[in-house]
K.L.:
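This is the structure I want to talk about, given as C-alpha cells.
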Amino acid sequence: MADNSDTTDDGVAETSRRTFMKATGAATATAAVGAGTGAAAAQTDEDIENIISTLSLEQKAAQMTQVAISSFEPDPEGSNVPDNFGVDTVGELFTELGVGSVLSGGAAPPSFDGSEVVSGINDLQEYNLRNADHDIPFLYGVDATHGNGLLEGATVFPQRLNMGSTRNPDLIEKAEEHTSDSTVSMGAHWTFAPTTDLQRDPRWGRFFEGISEDPKLEGDVSRARARGLESDDRLASCVKHFGAYSIPNNGNDRAPASTSLRDLRTNLFPPYREALKAEPGTVMVNSGAVNGVPAHASHWLLTRMLRENYGFEGMVVSDWDDLNRMITNHDYAPDFRTATKEAINAGVDMYMIGNGGSAPGPVQFIDTVVSLVRDGEIPADRIDEAVRNILELKADLGLFEEPTVDESRIDGVLGGAKETSEQMAKESMVLLKNDEDTLPLSGDENVLLTGPGVDSEGNNTRALMQHGGWTLGWQGPSGSGPFPRQRLLVDELEDCVGNLTHVPTSYNNTTWWAGQGDAPNQQSDENGEFDFTDAQEEQVRSAAPNADAVVVVVGEGCHNEGFGDRDELVLDEAQQRLIDVVNEETSDSTPVVGVMLAGSPRGSPETFEKLDALLFAGEPGSDGGAAITDTLVGNYNPSGKLAFSWPTNEGTPVGTVPVPYNRYPPTSTGATDNTPLYEFGHGLSYTSFEYGDVSLSQKTVGNPANQSEVTVSVEVTNTGGTAGDHVVEVFNTQSYGSVLQPLRRLLGYERVSLAAGETKTVEVTADLTALEVVPGDMLGVQPKVVEAGDYELTVGQDGPTATLTVKNTRSITDDDPVPGRYDINNDGERGMDDVKALMQGIRGYDD
Ligand code: BGC
C-alpha cells in the first residue's frame with residue numbers, strides 16, 4: 001500500500017502524486033465533483049443515450065482519445081508532458097480535454113510497485129471525476145500479455161509461443177483468470193490481450209507473441225484466453241491485431257502484407273473469429289497494411305467483416321499512433337486530417353496516442369475530429385456510435401458505479417497462481433533431441449552450467465531471456481531489475497544436482513532507443529549483445545573436464561516489435577564458440593545438453609549436432625527455472641509439442657522461411673528443399689507411446705453444416721517405463737478438392753496422462769471446420785465449404801489412419817463470407833438497389 005499519511009487537500013497520497021499525478025495541475029482545476037453530465041450511475045442503454053445527448057462534440061471526440069501515460073517524462077519538478085500533447089500537465093488531460101482513456105503502453109506503468117500503481121490510478125480517477133467537466137470515468141489500459149507483466153513480484157506466465165506447445169487451452173484459461181484478477185487489483189480496466197495473430201514468419205520480431213502457425217490452435221487458445229481475461233467483470237480483453245498483422249512481407253514489423261483473400265479467409269481470419277466468440281470487450285487494429293490498404297483505413301475489414309460478418313459489438317481501438325503511422329509508415333495519407341477521417345469512417349472508435357515528438361497529440365486529434373464532423377466529412381452518427389461503444393464498455397465494467405478499486409486487494413494477488421504457472425511452463429517444454437537417452441540426468445552429477453547470463457554490470461541477464469518482451473518494460477526487464485516473481489535456472493538446478501559449477505557468459509541487453517546518446521539499437525539479428533570472453537573461456541576450459549554433464553544455455557535476448565526483427569536465425573557466434581569449447585574439453589561420454597531460451601527457432605543443424613540433447617524452453621516466465629530443471633533431471637517428463645515448424649536454417653542465415661506445416665506442396669523441387677528441421681507437433685518424451693487401432697464415430701458425414709464434428713478414438717499405450725503426458729493429435733493428411741490442399745492440417749488434439757504400461761482409449765474431437773476451403777478460381781470470394789470427398793485422418797505425425805467421407809459440399813462457418821461482394825451500396829441488404837448501384841457504378845453516374 002502507498003503511504004497515505006502524507007496527503008494533500010484533496011486527499012491524494014503524495015506517493016502516487018509523484019508517480020502518477022506529477023504536475024496534474026490540481027491547483028488550477030476548479031470543477032467540483034459531480035459538476036458534469038450527471039453520468040454517475042449509467043447502467044442502461046437509456047442512461048448512455050442520455051449522457052451522449054449532454055456531451056458536446058469536443059467532449060465526444062475527447063472520449064475517443066486515449067493517451068499514453070508512459071510518454072510522460074519522469075520529471076516531478078517541471079512540465080513532464082510531451083510537447084505535442086498540447087497541455088501543460090497530466091491533470092489538464094482531464095480538466096482541459098476530458099480524455100476518455102489512458103494507457104501504460106509497453107508494460108511500463110509509472111511505477112512497478114503494485115500498491116503505488118493502484119493508488120495512483122485511483123487517485124487519477126478521483127481527480128478526473130472531481131475536476132473534469134463531465135462525470136465519465138476513464139478507462140485504464142495495459143499490456144498484461146502473459147500474466148500481469150507490469151509489476152515487480154507478479155507472476156508472469158510462459159510467453160505465447162510456449163502456450164501453444166502445451167496444447168492445453170483449459171490450463172491457459174486458468175492462468176488468464178489470475179491475470180484478470182491481478183490486473184483488476186492493480187486498478188486497470190483493460191488489457192491489450194490476447195494476441196490472436198497467426199504465427200508464421202520467425203524473422204518477425206513479434207513471433208514470440210503468436211500461439212501457433214495452426215489456425216485452429218491459435219483460435220482455441222485465443223478464445224480461452226479472452227474468456228479467462230474477462231473472468232473478472234472489471235476487465236476487458238482486446239483481441240488484436242485485427243487482422244493479418246503477423247505476415248509482413250519481408251518479416252519486418254509493420255511492413256505491408258501481400259496475401260490473398262483465400263489465405264485470409266482460410267488461415268488468418270479464423271483465429272480472430274474464434275476468439276470473438278468469447279465476446280471480448282475490445283478489438284485492436286492491425287498496424288500494417290493488407291493487400292495495399294492500411295488496416296486502419298479499411299471499412300471492409302473493420303466494419304463489414306468485424307462487425308457485420310463476425311457480429312462484434314464492442315469497441316475498436318487503434319494501435320499505438322497508428323493514425324499518424326498512415327502518414328509516416330505507410331506514406332498513405334497526405335496529412336493527419338485525411339488519416340483521421342479514413343480511420344474513423346472505417347470503424348476506429350478510439351485513437352491510441354503514443355509517443356511524444358512531432359506526432360499529433362490529443363488536442364490535434366480532438367480538433368481534427370470536430371472539424372471533420374463540422375465539415376460533414378465524418379457523419380455525426382458515426383461519432384455517436386463510437387462514443388456509445390466506449391461508454392457501454394465503461395458501463396459494462398461497472399466504472400460508473402465503482403470508478404475505483406479496493407487498494408488492499410493487490411497484496412493478496414501479486415505473485416499468485418504459482419502451481420498453474422509452473423504446470424504451464426512444464427507442459428510447454430519441448431524436447432527437440434535426446435540422442436541415446438542423454439536426458440534425464442540422474443541428479444547426482446557434477447554439472448557445469450554455462451551460457452549467456454551476465455552483463456557488464458554483473459547482473460543476471462539470463463532472467464531476461466526467461467521472460468522476454470512485455471515484461472516490466474516494452475523490451476523486457478532491465479538487467480538490474482525490477483523483476484517479476486522468478487525462479488531461476490541456476491538456483492533450481494543447484495538444488496537438484498550433486499554439484500553445480502556456474503560459468504555465465506556475457507549477454508548485455510541491447511537498448512532500443514536508437515539514435516539517443518551512445519545507446520546501440522537493438523535491431524541486431526542476435527537480439528542482444530553476446531560475448532564469450534577470454535576469462536570466461538578459461539573458466540569453462542577448466543571446469544568442463546571435471547563435469548559429468550554440461551548444460552549450455554543458448555538462445556536470444558529479449559526483444560519486441562520492429563527492434564526484434566532479424567534476418568538471421570542462427571545462434572550468435574559467441575554461443576557457437578562456447579559449444580565448441582565445451583566439446584573440446586569434454587569426452588564423448590560426457591553429455592552436452594542445450595537449453596534454448598528464445599522467442600523464435602534459433603540455430604542450425606550443424607550446431608545442434610554438437611549437442612547430445614536439446615530442450616526448447618522458449619520464454620517460460622516466472623517458473624521457467626523450475627520447469628527446465630525438473631525436466632532435465634526427470635522429475636517431469638516432457639510433453640510439449642512444437643506449435644510452429646522449425647526451419648532448417650542450414651547453410652544460409654535464414655533458409656527457407658516461412659515453412660508452416662500447413663503450407664501447400666511441394667516440399668522439394670529437387671534443387672531446393674523446404675522441409676523443416678523439426679515439424680509442428682514434434683516433441684520427445686522420456687517414455688514411448690504407441691497407437692493402437694483408430695476408429696471414427698462415423699465414417700461418413702452427409703452434411704457438414706449439420707454435423708461439424710466427428711470423434712476419433714485411438715488406443716494409446718505408454719510402452720516405456722516412465723509415466724508421462726502425451727498429446728494425441730489428429731491431422732488431415734491427404735485429400736483432393738477444387739483447390740490446393742495443405743500438406744496437413746490439425747483437426748483436434750487431446751492431452752492424456754499415462755502411467756508406465758498403461759493403455760487408454762483417447763477420444764479426440766475432430767473439428768471439420770478446419771477442413772473448410774475457399775473453392776473456386778483465383779478470386780477467393782466464394783463461400784467457404786467442406787468439399788465432398790475422402791479425407792485421410794492420421795493420428796500423430798505418422799500414426800494409424802482412417803478415412804472420413806464427406807458426402808455433400810457444405811459450408812459450416814460462412815454463407816456470406818465476403819461482405820460487400822453483392823451488397824454494392826453497403827446498406828446491409830442484397831436486392832434491386834444493389835443492381836441499380838452496380839449499374840450506376842459501371843456507367844459512372846450518381847442518380
Ligand atoms: C503494440 C500493441 C500494444 C500497444 C500498447 C503497440 O506498439 O503494437 O500490441 O498493445 O503498443 O502498448
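Quantities reported herein were computed from a predicted structural model and do not represent experimental measurements. As the structure lists them, so they are numbered: ligands from 1, and atoms in each ligand from 1.
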K.L.:
Salt bridge between Asp143 and Lys240, side-chain N to carboxylate O under 4.0 Å?
P.N.:
yes
K.L.:
Report the C-alpha separation of Arg206 and Ser246 in whole Å, then their side-chain angles, then the decisive distance to 0.1 Å, and conclude whether the side-chain hydrogen bond (donor to acceptor under 3.5 Å, both in side chains) test is met.
P.N.:
CA-CA 8 Å; Arg206 301 190 79 165; Ser246 55; over 6 Å; no
K.L.:
What orientation do Trp300 and Phe269 show, parallel under 30°, tilted 30 to 60°, or perpendicular over 60°?
P.N.:
tilted
K.L.:
Could you note down all residue pairs passing salt bridge (Lys or Arg N to Asp or Glu O under 4.0 Å) where residues 291-301 supplies at least one of them, sequence neighbours left out?
P.N.:
none
K.L.:
With a 4.0 angstrom cut-off on heavy atoms, strictly below it, pick out the residues next to ligand 1 and order them by chain and number.
P.N.:
Leu103, Gly105, Gly106, Asp143, Phe192, Arg206, Lys240, His241, Arg254, Met284, Asp319, Trp320, Met352, Trp470, Glu561
K.L.:
Under a 4.0 Å threshold between the charged nitrogen and the carboxylate oxygen, would Glu274 count as salt-bridged to Lys216?
P.N.:
no
K.L.:
Are there more than 12 heavy atoms of other residues, nucleotides or ligands under 6.0 Å from atom NZ of Lys174?
P.N.:
no
